[in-house]
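Working notes, structure below.
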Number of protein chains: 2
Amino acid sequence: MSFNSSSPSVGRAAKPKRVGGLSLWRQIREQLKADILAGTFAPGEMLPTEQTFAARFSVNRHTVRRAIASLTADGLVAARQGHGTYVPEAVLDYAVSKRTRFSEAVSAQSRVPKASMIVADAFPSTATIAKALGIRRGVKVVRIRTLGEADGRPLSLADHHFVASHFPGLAQVYADTGSISAALATYGVTDFSRKSTDVTARLPSREEADLLTQPASRPVLVAQSINVTADGTPLEYGRTLFAGDRVQMVFET
Amino acid sequence: MSFNSSSPSVGRAAKPKRVGGLSLWRQIREQLKADILAGTFAPGEMLPTEQTFAARFSVNRHTVRRAIASLTADGLVAARQGHGTYVPEAVLDYAVSKRTRFSEAVSAQSRVPKASMIVADAFPSTATIAKALGIRRGVKVVRIRTLGEADGRPLSLADHHFVASHFPGLAQVYADTGSISAALATYGVTDFSRKSTDVTARLPSREEADLLTQPASRPVLVAQSINVTADGTPLEYGRTLFAGDRVQMVFET
DNA sequence: TTCCATTTGTTCGTATGTATA
DNA sequence: CTATACATACGAACAAATGGA
C-alpha cells in the first residue's frame, strides 16, 4: 500500500514497501505536501518531529529527512536546528514607493490593515533625528509610535518624528483621526512623499520583540525614511521595525 | 580640574568634582566623545568596562553609565548586555538603483571595492529560481557565488543565477574577467537593469557568517533582485547577503 | 550563569532493490 | 545469465543548536 490515501498523515500506517514505482521518501513527500496544501499543517505551525514521522510511517528517520529535504528545496517547509520544522508563514510583500502609506501597502496584498497608537510623547531631538529633519539637535520633536497589523497580526512598529512646533497637539489629533495622513491633513499638509529609505537589520530588544509578538532571536528590518513636502522640506523622520520573517520589503526600481 | 585635558582617558585621574558648571557625567561624556572622535577607541573596538571607567575617573559606576547612555542616544557607542560597549563601525550606505553595480556602489562611498569568486557550479533550478528567471523548474542554472569586500572587509555574499544554456562556460569567463558585467559583455549582453529588489532579514548559517566574518548571531540583510535585459527578459536572479551591521541599503524613491 | 532535554544536522557502515551493459 | 553502478533504506552514533529549568 502507498501513503497517498485520502487521509492525512496522522495515526499509524502499516509497514510499507516500495509501491507503484515510487520510492518511500517520494511517497512521504507527496503525502506531506498534500497535508500542507490542504492546511492540515497550518502556516507558522510546527510539524511533528522527524522521529514522530518515522514512527508514523514506519520508516527510518533518514527516509523522512529525505522527504523533508525535498520540501525544503521547494520552500514548503523550513527547518531550524534544535527547534523543529515548520510551515513558513506567507510573507507579506510591503511595496515601498514615493507615495505608499501603510494601509495601502497592506491592502494591496489583500490583507486587512490596522494601525494603532502605542504611545506619543515629545523630547529634544537626538543627533540622528535632527539631521534627518534638518533642525538643530535638541529642538523638540513629537514622536508617535504605532503598531501596524495585517489581519490582526503585528507587522511593524513605527516611530514617526515631527518637529513639535510645526504640529501643536499632533498626538491628540492623531488619536482622534487614527491616521498619520489624516492628522497631517488637519494642519494643511496633504502633499508629501518619501524621499529616501535606508534599510538595515538587527536583533530587536525584548520590548520590541514583545510588541511584534516575535522571538527576540529573530531579526527585524529597520527602515529609516524621510518624508518631504512638495517643496522638498523634511516633514517626517520615520523609523519602522518590520518583523523580519513576516515581511519582505519590495523596491521597484 | 575637568577631564577634558588634551590627554585621552587612560591612566588614573584625580578625584574630581563639579567644575565649570559641568556635571561629572557630562565631563566624562565629552572626554569619551573626544576619544572616540580622535580614534583612541577605534570603530569596532571594545571599550573598557564601566567598572574600569569608574575607577579611572574616580566616580561611581552610575555616573559612567549616564555618560555612556548619552553617547548611546547619539549613536556614538553601542552597548550589548552581558558583552560590553563598543564603537559602532561606520555603516556603508549601499545605494540601490536601476543601474548600480557592486563596485560602483562601494566606490561611491570612498571605499575600495573587491569582488572575488568563491565557487561556481550548476544545478537544476529550484522553484524560486525558476520563477524568477521565467523558466521551468529543473532547468539547469549556473550559480556564481562571490564575496564582496570594501577596504578588505567582507560586505556581501552574493549568489548570481543564470540560465546555463544561455551562457555556456560562464564560470570560466567570469574567472577570466573578474566581473559579472564584463563576463556578460563577452556574450553580447551589455544593457541590463535591476527590475525589482526584495529585502528581508534573517540569521546567517554558520558558513555564511564565517564568509562574512561576522557572528552567526547577528542578522544579515537578504536582497533578492531580478536583472532584466533591455526588452524586459529576465537575465539574472541574484540573492545577496549583506552583513547587517556593516551595510545599510539606501533606496532613493 | 550552567545544566539538561529535545530536535535537527552529519557521518559512518551495511544491506537491498533496480536498471543496464 | 552475471557484473556493475546507482538509488534506496535502515541502524547507530555523534555534533550542533535551541529553549527552558
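Here is the naming used below: chain letters follow the sequence lines, and residue numbers restart at 1 for every chain. Quick caveat: nothing in here was measured; it's all calculated off a predicted structure.
- The shortest side-chain heavy-atom distance between A/Thr213 and A/Arg246 falls under the 4.5 Å cut-off.
- Spacing between atom CZ of A/Arg66 and atom P of C/dT8 amounts to 19 Å, rounded to whole angstrom units.
- Spacing between atom OH of A/Tyr86 and atom P of C/dT7 amounts to 17 Å, rounded to whole angstrom units.
- Rounded to an integer number of Å, the gap from CD of A/Gln214 to C1' of D/dT18 is 16 Å.
- Here the OG1 atom belonging to A/Thr63 is positioned 6.0 Å from the CG atom belonging to A/Leu24, to the nearest 0.5 angstrom.
- Screening A/Arg145, A/Gln224, A/Arg239 for a side chain to side chain donor-acceptor pair (under 3.5 Å) with A/Asp159, the sole residue that qualifies is A/Arg145.
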Report, one pair per line, the protein and nucleotides 10-15 of chain C atoms (nitrogen or oxygen only) whose separation is under 3.5 Å.
residue, atom, partner, partner atom, Å
C/dT11, O4, A/His62, NE2, 3.2

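- Taking every heavy atom of both residues into account, A/Ile68 and A/Thr85 meet most closely at CG2-CG2, 4.3 Å.
- Summarising the geometry, the separation between CD on A/Gln51 and P on C/dG9 is reported as 13 Å, rounded to the nearest angstrom.
- Regarding A/Leu24, its CG atom lies at a distance of 12 Å from the C1' atom of C/dT16, rounded to whole Å.
- Not one side-chain nitrogen or oxygen of A/Thr63 sits closer than 4.0 Å to the OP1 or OP2 atom of D/dT8.
- Looking at every heavy atom in both residues, A/Ser70 comes nearest to A/Arg29 through OG-CD, 2.8 Å.
- Among all heavy-atom pairs drawn from B/Leu212 and B/Leu157, the shortest one is CD2-N, 3.9 Å.
- Under the rule for a ring pair (Phe, Tyr, Trp, His ring centres under 6.0 Å), B/Tyr174 has no partner lying at least two apart in sequence or in another chain.
- Going from atom CG of A/Leu47 over to atom P of C/dT7 covers 13 Å, rounded to whole Å.
- In terms of phosphate contacts, A/Asn60 brings no side-chain nitrogen or oxygen within less than 4.0 Å of OP1 or OP2 of D/dA9.
- To the nearest angstrom, C1' of C/dT16 lies 18 Å from CH2 of A/Trp25.
- With salt bridges taken as basic N to acidic carboxylate O contacts below 4.0 Å, none links B/Glu236 and B/Lys195.
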Give every pair of a protein N or O atom and an N or O atom of nucleotides 19-21 of chain D that lie under 3.5 Å apart, one pair per line with the distance.
residue, atom, partner, partner atom, Å
D/dG19, OP1, A/Arg80, NH2, 3.1

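- With contacts defined as side-chain heavy-atom distances shorter than 4.5 Å, the pair B/Arg194/B/Val96 qualifies.
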